[in-house]
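Whatever order the structure lists ligands and atoms in, that order sets their numbers, starting from 1. Below, all heavy atoms of this structure are taken into account, side chains as well, without hydrogens, waters or symmetry copies. Residue numbers start at 1 and run along the sequence shown.
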Amino acid sequence: MRDKAIDILKGNWREGYTIPSKNLYPYQWKWDSGFIAMGLAHFDQKMAEQEVLTLLDAQWKNGFIPHIVFHKESDTYFPGPNFHRSDLHPLANKDYPSTGMTQPPVLGFTLERMHEVAKNKKDSLQFIKDNIDSVYKNHQYFYEHRDPKDEGLVYIYHNWESGTDNSPLWDPIFETIDAPVYNFERRDTSIIDPSERPTKREYDYYLHIIDIAKKHNYSDQKIAESSPFLVQDPLFNSMLIKSNRSLITLYRLLGGNEDKIDQLVRWQAKSMDSFNSKLFDSELGAYIHYDLRNDKPIRMVSSSSFSPLFAGIPNKEQAEVLVKTMMEKFGGEDMYLCASFDPTSDQFNPKKYWRGPVWINLNWMLYHGLLDYGYHELAQRMKSDSIEILQKAGFYEYFDPRKSIYKDGNKGYGGSDFSWSAALFLDLTET
Ligand code: DGY
């Protein structure tokens, strides 16, 4: 499996970056890139560094890093650069057409993990020294432009920014939006069984939210004032907090940079405080999303609800509550950990993208979180479930959590030879 994983990553390598999957995703995606770089680091330090460098090269002048960098023309993906029009923003990167939205801040903990794995620590430290300030600027962008109420919790303005694209979490928000019916040609559903992908109507909402942001030339301030989708996402904010922590560790390793360390420590304290007072729902026994636009909590449980474990956010009692909820709702013996949405809910769908299937990147985060909190046995199950599912179903994009499904040789869903599944397999098996 290790050889196969390396072959997949080599096969998906383009000049300087890795595509997530040949049949579905022909560009560079931000959070994919971070997970992929950690896998590359296990067999080629230079490739891993190049992956990160290419992404940072596409950073905007205000520190923003886009969710997709459109390196090459491709007619196999919709919506492409001509729909997104990043050039509308005055500070957009002129060399790289991209989207005008972002994805979770993976780069802090990616750099830390790459350094742990690196054989040549001297080169690795030099690489960090040369690039850490760009990642810091990305965090500064989030705290200065994505937190209008100065709470230490940043918002996302599009479901694609969350990474958990079509989770049932967003359904109540879409109900508040009057999106037109668009005329467009989807590419994904001509390649993948439509029952595994978001619906046409969902895509109408996705495009409409982008059109509103475009009308304002992607101005953060205008988006905060008028986007119908404005959410504080525990997964996104956990990854920011985890990455803050990594940046502090790495700056300390480098020496100096006291002003940046102080700033990160201040952001960190504020974020952790608000996170626990605003996003922990003790009745549900889980962290939840908050709908800033409509000023109300989104009281649903998904795999994102447990991601604060990865960032050291819950106290011991809260962690205990999270683990109990995870085991009760997601942890049945007939189920692989960890479904992306509450399996006890009516909206759970084990086949459909982020409405139920298992994703390896979430499992990787939860594995590390459980380990950090001392839940060794459960962490071990998270890891062995991940490896077993990859063994049985192949290096796919996402997986049915029902164990019974695999008796007939069923495969995974979505893209095949999926880069982060391969990359995180390499990382998981080496920890
Ligand atoms: C897609 O095209 O489904 C991607 O996840 C968007 O980021």
Enumerate the atoms of ligand 1 whose separation from the nearest heavy atom of [X] is less than 4.0 angstrom.
{"X": "Arg197", "answer": "1 (C), 2 (O), 3 (O)"}
{"X": "Trp29", "answer": "4 (C), 6 (C), 7 (O)"}
{"X": "His67", "answer": "6 (C), 7 (O)"}
{"X": "Tyr77", "answer": "1 (C), 2 (O), 4 (C), 6 (C)"}

| query | Around atom NZ of Lys149, are there more than 12 heavy atoms of other residues, nucleotides or ligands at under 6.0 Å? | reply |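 Yes, enclosed.
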| query | How are the rings of Phe418 and Trp420 set to each other: parallel, tilted or perpendicular (split at 30° and 60°)? | reply |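 Answer is perpendicular, since the angle exceeds 60°.
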| request: Would you check, one step at a time, whether the test ring-ring contact (aromatic ring centres under 6.0 Å, His included) holds for Tyr336 with Phe399? | output: CA-CA 9 Å; Tyr336 284 116; Phe399 306 90; 9.1 Å; no
| task | Report yes or no: does Lys352 contribute a side-chain atom to a donor-acceptor pair with the main-chain N or O of Pro194 at less than 3.5 Å? | result |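 Here the side-chain-to-backbone pair exists.
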| request: Considering only non-hydrogen protein atoms, determine which one is nearest to atom 3 (O) of ligand 1 and report residue, atom name and distance to 0.1 Å. | output: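 Closest protein heavy atom to atom 3 (O) of ligand 1: Tyr353 OH, 2.6 Å.
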| task | Could you point out which residue of Gln45, Glu49, His115 forms a side chain to side chain donor-acceptor pair (under 3.5 Å) with Ser124? | result |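 The residue from Gln45, Glu49, His115 that satisfies side chain to side chain donor-acceptor pair (under 3.5 Å) with Ser124 turns out to be His115.
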| task | Give the contacting part of Asp165 toward ligand 1: side chain, backbone, both or neither, where contact means a heavy-atom distance below 4.0 Å. | result |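 Asp165 to ligand 1: side-chain contact only, backbone stays beyond 4.0 Å.
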